[in-house]
Amino acid sequence: MSTATETQTTAKSPSQSGAEDLAPVTTESLAELLVSKERPPQPSPWSASVTFGWRAVLKIKHVPEQLFDVTAFPIMMVLMYTYLFGGALAGSTSDYLQYLLPGILVMSIVMITMYTGVSVNTDIEKGVFDRFRSLPIWRPAVMVGYLLGDMLRYLIASVVMVGVGLIMGFRPDGGVLGVLAGVALLIVFSFAFSWIWTMFGLLLRTEKSVMGVSMMVLFPTTFLSDIFVDPSTMPGWLQAFVNNNPVTHLASAVRELMHGEWPGSDIAWTLGWAGVIVAVFGPITMRLYARK
């Protein structure tokens, strides 16, 4: 009886014997398993920004309804203003179209820049930003990616607007090079202008708030300019604002470039305004992004 008891006491279960056979787990051995000896190189600022820009393009691919504001809206604008006001303002819709189309192009692109802020705010509500901030990448890459993706939208809208204008009778004296130069200047300014809406996208709570604030800024900025009429016909007190409006400088520069002229002063003012906007709102946006 005592022999059987000793046998049961000294006998070990398979789990106990297996546990003793395992090597002890140390911090060093665990680190060797979890961390590889060669880490992948950190992406450059440019590659990280392009990656996030491609993400914005893929969102358009999966939700093509987003292109409504860069296709149907510009067409509606140019048709409506040309045939409603062309005869009254210029005596001929064809003559008015030569003046109006570059301005309407500027107005359409500048107004759709607000969707950058809407996209930023939407991603914040979905919680995607928490994942972005944990990535070992260049910090501004996320914001720059939004803007790079939206540049494709600006380009699509420009192609649509110019194409519709050519069908309606728009004839730019500057030819292809003049049109390309005007569109390039417009996209550069729009890239800078979008930093304002990224700030509001981070600052405001809902996308409706972003759109509301954006429209409050965009409507007076675009309508109180030389997009529709020559400022010389306006009252003196209004001319003081219109002539110093950055959209006026942009619209004048794009219009003259498309018609074969070189508006050095307006181009300088446009690029200067773009630089000031980025210098002011870029750091504010990144500060808000770091604290969000």
Side-chain angles (χ1 to χ4, degrees), residues 38-67 69-70 106 108-159 180-204 207 210-211 214 218 246 250 270-292:
E38 295 183 1
R39 294 185 178 183
Q42 185 175 353
S44 65
W46 171 249
S47 63
S49 301
V50 171
T51 299
F52 281 100
W54 181 244
R55 171 182 176 269
V57 174
L58 290 179
K59 291 173 66 176
I60 298 175
K61 174 184 176 182
H62 294 298
V63 188
E65 293 83 3
Q66 297 183 27
L67 292 178
D69 59 328
V70 299
V106 169
S108 300
I109 303 301
V110 168
M111 291 191 73
I112 64 177
T113 57
M114 68 177 179
Y115 289 104
T116 305
V118 174
S119 300
V120 171
N121 190 271
T122 302
D123 281 344
I124 291 174
E125 290 184 353
K126 292 180 179 178
V128 181
F129 261 41
D130 294 333
R131 181 175 299 179
F132 289 163
R133 289 191 301 173
S134 65
L135 297 175
I137 57 174
W138 184 51
R139 184 56 65 89
V142 178
M143 294 298 155
V144 176
Y146 282 110
L147 302 177
L148 291 177
D150 282 342
M151 288 177 69
L152 177 63
R153 297 159 63 91
Y154 307 152
L155 182 60
I156 293 174
S158 300
V159 172
L180 292 178
V183 171
L185 181 64
L186 174 57
I187 292 178
V188 169
F189 179 84
S190 300
F191 176 87
F193 202 63
S194 297
W195 280 100
I196 300 175
W197 315 128
T198 58
M199 182 197 70
F200 282 119
L202 292 167
L203 192 61
L204 301 178
E207 60 180 89
V210 176
M211 294 186 68
S214 302
L218 287 170
L250 175 62
T270 300
L271 296 177
W273 274 111
V276 169
I277 291 172
V278 174
V280 173
F281 291 96
I284 295 175
T285 298
M286 295 315 304
R287 189 173 184 85
L288 290 172
Y289 174 66
R291 292 183 175 184
K292 196 68 180 179

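Note that the coordinates shown come from a computational prediction; the quantities given were computed from them, not determined experimentally. Heavy-atom basis, side chains included; hydrogens, waters and symmetry copies ignored. Just so you know, residue 1 is the first one in the sequence shown, and it goes up from there.
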Rounding to 0.5 Å, atoms CZ (Arg287) and CG (Leu202) come to a distance of 13.5 Å
Of all heavy-atom pairs linking Leu186 and Ser158, the shortest is CD2-OG, 4.4 Å
Distance col, row Met143:CE vs Phe132:CZ, nearest 0.5 angstrom, shows 9.5 Å
Scanning both residues in full, the closest heavy-atom pair of Ile112 with Arg153 reads CD1-O, 4.5 Å
Rounding to 0.5 Å, atoms CG (Leu204) and CE (Met199) come to a distance of 8.0 Å
Residues Ala192 and Ile277: closest non-hydrogen pair is O-CG2, 3.2 Å
query = Under 4.5 Å between any side-chain heavy atoms of Phe52 and Leu147, yes or no?
reply = no
For Val50, the side-chain contact (heavy atoms from CB on, under 4.5 Å) test, sequence neighbours excluded, returns Trp46
So CG of Leu203 and OG1 of Thr198: to nearest 0.5 Å the spacing works out to 11.0 Å
### Query
Given the rule in the side chain to side chain contact (heavy atoms under 4.5 Å, CB included) test, do Val142 and Leu135 qualify, once you have shown the distances and angles that lead to the verdict?
CA-CA 10 Å; Val142 178; Leu135 297 175; over 6 Å; no
Between Glu207 and Asn121 the two heavy atoms that sit nearest each other are N-OD1, 3.0 Å
request  = Decide if atom CH2 of Trp138 counts as having more than 12 heavy atoms of other residues, nucleotides or ligands within a radius under 6.0 Å.
outcome  = yes
For Phe281, the ring pair (Phe, Tyr, Trp, His ring centres under 6.0 Å) test, sequence neighbours excluded, returns none
Of all heavy-atom pairs linking Gly53 and Leu148, the shortest is CA-CB, 4.4 Å
For Thr113 and Trp197, does a side-chain donor sit closer than 3.5 Å to a side-chain acceptor? yes
For a 4.5 angstrom cut-off between non-hydrogen side-chain atoms, does Leu185 reach Leu271?
yes
CZ of Phe200 to OG1 of Thr116, rounded to nearest 0.5 Å, is 13.5 Å
Would you check if Phe193 and Ile109 make a side-chain contact, meaning some heavy-atom pair closer than 4.5 Å?
no
Contact check, side chains of Val110 and Leu250, non-hydrogen atoms, under 4.5 Å: yes
In terms of heavy-atom contacts, Met211 and Met114 come closest through CE-CE, 4.1 Å
Under 3.5 Å: donor-acceptor pair, side chain of Ser190, backbone of Ile187: no
Separation between CZ (Arg131) and CG (Asp123), nearest 0.5 Å, reads 11.5 Å
